[in-house]
**Student:** 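Pasting a structure below so you can have a look.
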Amino acid sequence: MYWTKTLIPTMKETPEGAEIPSHVLMLRAGMISQVMAGAYTYLPLGHRVLKKAERIVREEMDAAGAIELAMPAMSPRGLWERTGRVEAFGDVLVQLNLHRPGRKVPVVLGPTHEEIVTELVSRNISSYRQMPITLYQITSKFRNEERPRFGVLRTSEFLMKDAYSFNPSVESLGESYERMYAAYCKIFDRCGLDYLVVEAESGPIGGDASHEFMIPAENGEDAVLHCRACGYAANQEKAEIGSRDWTTPDVELKPLEKVATPGASTIEQVSGFLKCKPAELIKTLIYLADGKPIAVLIRGDHDANEGKIRRACLSAAGTAASINKLELAPPEVIEKVTGAPVGFAGPVGMKEKTPIFADLEIQKMVNAAAGANAADAHLTGVNSPRDFRPDSSHDLRNALDGDPCPRCSSNLSLRQAIEVGHVFKLGTKYSEALAARFLDADEKLHPIIMGCYGIGVNRIVAGLIEISHDGDGIIWPVSLAPYEVLIVPVKVPDEESMAAAERLHDRLAAAGIDVLLDDRDCRAGVKFKDADLIGVPLRVVIGQRGLKEGKLEIKWRWEKESGKIALDGAADQLAKMVREERATGERFRGRQQHNKSLLNAV
RNA sequence: CGGGGCGUGGCGCAGCCUGGCUAGCGCGUCUGGUUUGGGACCAGAAGGUCGAAGGUUCGAAUCCUUUCGCCCCGACCA
């Protein structure tokens, strides 16, 4: 391709509004153009990168035995009502009415395709002999994000690979899951991404049933906890906190004292009032677990983790029944249970007898402060078990940077990350709702057991840029680069230079190399700046100086120094270099030392 | 949905507080010339409903009201 024949609108200045590197660089490199908040046009360069990522995903899915199909973005709303997901998705679901003669057809634009694929399978698979099978597609998804942001990282329309496995047994599901997991590792490796696989909330199947693939990056929206010593990694929702021995500090227990704290109902206000740290306060949260009030005690500077609270309720109840609904109690309930308005609840002297679940940190607290269960008052000198006795103690809070690792004696570090993939054992939620059943070898009818597996293709692209750029622009690995080789004739009007450039271009193209020739008649500096900006891995400069010696100058984007190769046979040599790098990605990876250290950074 | 910020040629901005000649500047674009290995120089040119609507005023980019859009922080995120 010739530069002047395509559309690469590079920009010297950063457009207003773009802040993170991937957004800034995609705009400046002429890869994308915004149409509205959360929707972008992919310009030729961006489109090529997206297609390369898509191809890698497709190749690895095919290699893993998944079968490609294509489902429509549009589907009837009734289908989503049957699984309860019109309500579950809420405003995120994009809905519209098609006007047909004499009626309106309510339609949703798919945010994902469990319903559609499950219905398809329910009509076409009825025997254990037809399974296992994994179906996938790579299509646009629609989610009305309440707040699209960060350029291409969070948009309302995005390209997603979604795969669904259909299995006759939990063991079979495990095998499908492992295959997808392994395929994901290959995909992200090939894309040159350094990633972490983290444990995530597992849902109905339980156990080791959900993993997220995360790229550690400063601008990531997700928080993950990672132990560098043993490799344990989990998202913040899921991360467990290890227990450590501790000793009660040898401090005199102060008497319980009621202190007036008029109007102070938040942790911040109370700690300001009592001149103590949030960590010295006990936060008392009243939840409704399937309608029954419970009190949850968390240290003032910690955040409650609802997943952990759910599990604590279960173990306390001693039943296998799941908690369907866990929600913060409304003010009326709080007043009824504690006898005080919202903001003054405490574990000592609640009006109604309520089960108290304490976080493990609570027992270590000495002379703490807590709500007095009376308006405008708090208690100080609160000590357990002298003043109150929790019904049970559990890990109930979100893990934080520096918390003990649950698997070894080291500590967890908190990292920001971009989620690029998710594998999940779904179970029978959709197959039951949509009657996707099969007959087993004993002629018994069962719901099909499903798994689902997603990859955000746009996020691969943006994520790579986030971790692979410098002050001059993007640094692509060969696998994702819009073009693998950029030919830069220094002086376009010079016939000899252009002839050599064109010849090289044609030969590389014929050899199957993605090659771009910058045939713009402008100063060399402009072309070099743009070359660095768009980040093509291998740059070939053709200048009059070099031509006299029969040499070309070549430079990998990530290297400082350029090298020289002979003009004779240059096409063959360059093609060989590109093919080697395609196969191994070693040169790129070798230059990614800063990212390795990023993965392991504290 | 709360909090904050911004809308002025394609891009980045100044002007607004304190209303007043023909709305400026840099980059880009086009023409001609001189240049030509890391974002050249000279001369000329095109390109604007100052986001939109309403109001105040002799007069509004500027003041007031409403509204639309975009960005950031928070809440939310199968």
Side-chain angles (χ1 to χ4, degrees), chain A residues 7 9-20 23-24 27-28 30 33-40 80 83-94 108 110-115 118 141-151 153-156 158 160 162 164 200-201 203-204 210 212 219-223 235-237 303 306 328 419 422 424 426-427 429-430 433 450 452-454 456 471-473 488-494 497 518 520-534 539-548 551-553 555 560 562 564:
Chain A
L7 180 63
T10 58
M11 282 180 262
K12 203 186 316 194
E13 284 165 305
T14 301
E16 187 206 14
E19 307 218 334
I20 68 169
H23 191 193
V24 169
L27 287 165
R28 286 193 51 213
S33 173
Q34 185 174 38
V35 176
M36 59 182 277
Y40 290 85
W80 298 78
T83 57
R85 289 223 290 181
V86 171
E87 198 182 46
F89 272 113
D91 289 338
V92 172
L93 199 62
V94 179
V108 312
T112 171
H113 279 77
E114 280 85 359
E115 278 80 355
T118 306
K141 297 288 184 284
F142 298 85
R143 293 181 196 182
N144 177 36
E145 293 292 346
E146 288 169 34
R147 191 180 151 207
R149 62 182 136 180
F150 295 148
L153 275 178
R154 181 167 287 269
T155 52
S156 303
F158 56 98
M160 177 170 161
D162 48 326
Y164 307 90
E201 275 305 327
S210 175
E212 290 170 346
N219 293 302
E221 292 183 276
D222 293 282
N235 67 20
Q236 196 166 37
E237 218 182 353
D303 287 325
E306 294 194 358
L328 278 168
E419 182 187 348
H422 195 169
F424 191 85
L426 261 182
K429 175 176 176 184
Y430 298 98
M450 293 174 59
C452 68
Y453 317 91
D472 294 314
V488 183
V490 171
K491 201 169 176 180
V492 168
D494 177 57
S497 296
D518 189 351
R520 292 175 299 171
D521 182 11
C522 60
R523 298 174 71 85
V526 174
K527 300 210 232 190
F528 291 151
K529 285 289 181 190
D530 274 347
D532 289 343
L533 180 58
I534 68 172
R539 190 187 75 185
V540 182
V541 177
I542 299 181
Q544 289 170 300
R545 292 195 305 225
L547 282 181
K548 283 203 181 79
K551 304 264 184 187
L552 298 178
E553 178 191 297
K555 180 178 153 329
K560 278 213 154 45
S562 59
K564 289 203 162 117

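Proteins come first, then strands; the chains are lettered A, B, ... in the order of their sequence lines, and each starts at number 1.
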**Student:** Let's see if you can work this out: which of B:C70, B:G39, B:C72 has an atom nearest to the side-chain heavy atoms of A:Ala37?
**Tutor:**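 Selected nucleotide: B:C70.
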**Student:** Distances under 3.5 Å between protein N/O atoms and the N/O atoms of nucleotides 1-10 of chain B, please, pair by pair.
**Tutor:**
residue : atom : partner : partner atom : Å
B:C6    : O2'  : A:Glu16 : OE2          : 2.5

**Student:** Of the nucleotides B:G37, B:C73, B:C71, which one has an atom closest to the side chain of A:Val490?
**Tutor:** B:G37
**Student:** Test salt bridge (Lys or Arg N to Asp or Glu O under 4.0 Å) on A:Lys429 and A:Glu114; report intermediate values, then the result.
**Tutor:** CA-CA 10 Å; A:Lys429 175 176 176 184; A:Glu114 280 85 359; over 6 Å; no
**Student:** Just the dot-bracket of RNA chain B, please: which string comes out with Watson-Crick or G-U pairs under 3.5 Å, [ ] for crossing, | for another strand?
**Tutor:** ((((((((.[[[[.)....(...]]]].((((((.....)))))).....[[[[[..)....]]]]])))))))....
**Student:** Could you work out which one of B:C73, B:G38, B:G37 sits closest to the side chain of A:Val541?
**Tutor:**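 So the side chain of A:Val541 is nearest to B:G37.
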**Student:** Considering only side-chain heavy atoms of A:Asp530, which listed nucleotide, B:G39, B:A40, B:G38, is closest?
**Tutor:**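 Shortest atom-to-atom distance from the side chain points to B:G39.
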**Student:** Verify the contact: side-chain N or O of A:Gln34 to OP1 or OP2 of B:C71, cut-off strictly under 4.0 Å; return yes or no.
**Tutor:** yes
**Student:** So that I can tick it off, tell me whether A:Arg149 and A:Glu221 are bridged by a salt bridge, with the cut-off set at under 4.0 angstrom between side-chain N and carboxylate O.
**Tutor:** yes
**Student:** Just how far, in rounded Å, is C1' of B:G39 from CZ of A:Arg28?
**Tutor:** 10 Å
**Student:** Choose from B:G38, B:C27, B:C71 the nucleotide whose nearest atom is closest to any side-chain atom of A:Asp532.
**Tutor:**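 Of B:G38, B:C27, B:C71, B:G38 is nearest to the side chain of A:Asp532.
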**Student:** Taking the side chain of A:Lys12 as its heavy atoms from C-beta onward, which of B:C71, B:G39, B:G37 lies nearest to it?
**Tutor:**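 Nearest listed nucleotide: B:G39.
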**Student:** Counting the atoms with a prime plus P, OP1 and OP2 as sugar-phosphate, which does A:Pro15 contact under 4.0 Å by heavy atoms, base, sugar-phosphate, or nothing?
**Tutor:**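 If one applies the 4.0 Å heavy-atom cut-off, A:Pro15 turns out to touch the sugar-phosphate alone, with no base involved.
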**Student:** Specify the residue among A:Val526 and A:Val92 whose closest nucleotide of RNA chain B lies further upstream toward the 5′ end.
**Tutor:** A:Val526
**Student:** Among the candidates B:U35, B:G38, B:C11, find the nucleotide nearest to the side-chain atoms of A:Glu13.
**Tutor:**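 The listed nucleotide nearest to A:Glu13's side chain is B:C11.
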**Student:** Please test A:Tyr164 against A:Tyr430 for side-chain contact (heavy atoms from CB on, under 4.5 Å), starting from the C-alpha separation and ending with a verdict.
**Tutor:** CA-CA 11 Å; A:Tyr164 307 90; A:Tyr430 298 98; over 6 Å; no
